[in-house]
Amino acid sequence: MLLGAIADDFTGATDLCSMLVRGGMRTVQVIGVPQSGQVAPDADAVVVALKSRTAPVRQAIDESLAALRWLQAAGARQFFFKYCSTFDSTDEGNIGPVADALVQALGCGFALACPAFPTNARTVYQGHLFVGGALLNESGMENHPLTPMTDANLVRVLSRQTAGTVGLVPFATVDQGVQAIRSAMIRLKEQGRRYAIVDAITDNHLLAIGQAADGHALISGGSGVAMGLPENFRRKGLLSQAGDPAALPTIEGGSAVLAGSCSRATLAQLGYARDHLPVFELDALAIPDAAALATAALAWADGSLGDKPIVIAASAPPDKVAALQTRLGREHAGSLIEDAIARVAAGLIARGVRKLVVAGGETSGSVVGRLGVHSLRIGTEIDPGVPWTFAEGSGPGLLLALKSGNFGATDFFLKAFRILEG
Ligand code: ADP
């Protein structure tokens, strides 16, 4: 293992994995802190996916340190702390406190911090984070229910979260390239700064920052700043040239889509799929019971599974979601449907389904939990940020594509299976 990463949420971890695979690293995503005896997968990079973004600070630190210890034991040479490209955090944490704990555990005294991801319109200029043309605190993120971002100045934001001090490597330096960035970081470290927010506006900046961070024990940021890391390992001859890093085993079996996301993109993808594939709607208003809902869906699947992928969806437009939430309460409505979909996933696998697309972040978490999947080998991207993965766990070989609700083009559900046919 060359790179060991700790990600503060599940879909963020997948995003980082995809970036590393694109750079030529064979990458596996591990779900949750691995058991201390769990054997490390055969991969160039391993990303441990935590749910620590909004967890209590102490818990986020403890889980991150446990993940670090496991990655260290597995032989990782460099470590990456992945957070959101909108720097989702509060004055209490968790980015600062977790980074402090990792810096201390590694004894490195310093880490760069760069959430920039120009492809997704996240740029950092003079330490200020922009989302598209807007400053972070005017981008809508100021209204986030859990991590409202009311200050775009990341030097200030991170300063409020750490016991250390924070410096800046400004655009004018970054634009001069690798040597200038490296020297600036060395100077900041010598001045006693624990972190450097590093400006980045283009992918070329990210590549230069990645190269300048060669040899750093810890790097922190969004998945964008990982763009330059594979090349550091390749230059040293540590990355095998043989084979496709995105290659996954070929698996025979049925195909299905499970949708629990009510996001706009998923609703459009379902609209498109209805014209091409058999679709069953899970109606929790009519059957407000997870086991009974799953039984109804699986009875339909028994008559519908064949050559074509089948689709089972709970997804609904806002008025229907509101109706169910009024009837059952917001949380119960969500967990009932997540439970039903997880049961359907297990039932489909018992019926021979081996290629499964799941739409929805929470929905994916519940399916993966039910199936006992502990790690995902990352394969080809279907659409940006959503790769096919090979699930490793207790069950039979399974290809899984876990889609965050708003990701993917309108034809995503068809395209996913088309890609597998090569
Ligand atoms: P996304 O990635 O789009 O946010 P999630 O799976 O994370 O999707 O969240 C969607 C939530 O909505 C889940 O808790 C799911 O169970 C719930 N849900 C799905 N369908 C309905 C529905 N018809 N009514 C109410 N809640 C629903």
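Numbers for residues simply follow the sequence, beginning at 1. Just follow the structure's listing: the first ligand is 1, and inside any ligand the first atom is 1.
Put simply, the side chain of V48 reaches to within 4.5 Å of the side chain of P34, judged on heavy atoms.
Annotation for ligand 1: atoms under 4.0 Å from non-hydrogen atoms of G361 are 1 (P), 2 (O), 5 (P), 6 (O), 7 (O), 8 (O). Residue A316 has at least one heavy-atom neighbour below 4.0 Å for each of these atoms of ligand 1: 23 (N).
A donor atom on one side chain and an acceptor atom on the other are not found under 3.5 Å apart for T389 and Q29. S89 and Y83 share no donor-acceptor pair across their side chains, judged by distance under 3.5 Å alone.
In this structure, V321 has a heavy atom closer than 4.0 Å to ligand 1. Close to ligand 1: E338, with a non-hydrogen atom less than 4.0 angstrom away.
The protein heavy-atom contact nearest to atom 11 (C) of ligand 1 is G260 O, 3.9 Å. Among all protein heavy atoms, the one lying closest to atom 4 (O) of ligand 1 is S263 OG, 4.2 Å. Looking at atom 7 (O) of ligand 1, its nearest protein heavy atom turns out to be E362 N, 2.7 Å. Atom 6 (O) of ligand 1 has its closest protein heavy atom at T363 OG1, 2.6 Å. Scanning the protein heavy atoms around atom 21 (C) of ligand 1, the nearest turns out to be I337 CD1, 3.2 Å. Ranking the protein heavy atoms by distance from atom 16 (O) of ligand 1 puts G334 O, 2.8 Å first. What sits closest to atom 24 (N) of ligand 1 on the protein, heavy atoms only, is L324 CD2, 3.4 Å. In this structure, atom 8 (O) of ligand 1 lies nearest to the protein heavy atom G360 CA, 3.4 Å.
The shortest N/O to N/O separation between G405 and ligand 1 falls below 3.5 Å. At least one N/O-N/O distance between A314 and ligand 1 falls below 3.5 Å. Inclusion of A359 in the set of residues having an N or O under 3.5 Å from an N or O of ligand 1 is not warranted. Residue S261 places at least one N or O, backbone or side chain, under 3.5 Å from an N or O of ligand 1.
In this structure, R26 pairs ionically with D42, as a charged nitrogen and a carboxylate oxygen lie closer than 4.0 Å. Residues E281 and R274 are paired through a salt bridge, judged by an N-O separation under 4.0 Å between the basic side chain and the carboxylate. Residues D8 and K51 are not paired through a salt bridge, judged by the lack of any N-O separation under 4.0 Å between the basic side chain and the carboxylate. A salt bridge links R377 with E392: the distance from a Lys NZ or Arg NE/NH1/NH2 to an Asp or Glu carboxylate oxygen falls below 4.0 Å. A salt bridge links E231 and R234; the closest N-O separation between the charged side-chain nitrogens and carboxylate oxygens is under 4.0 Å.
Scanning all heavy atoms of the two residues, the minimum distance from A259 to T266 falls at CB-CG2, 4.3 Å.
Of the listed residues (V124, T123, I181, V169), just one forms a side chain to side chain contact (heavy atoms under 4.5 Å, CB included) with D199, and that residue is V124.
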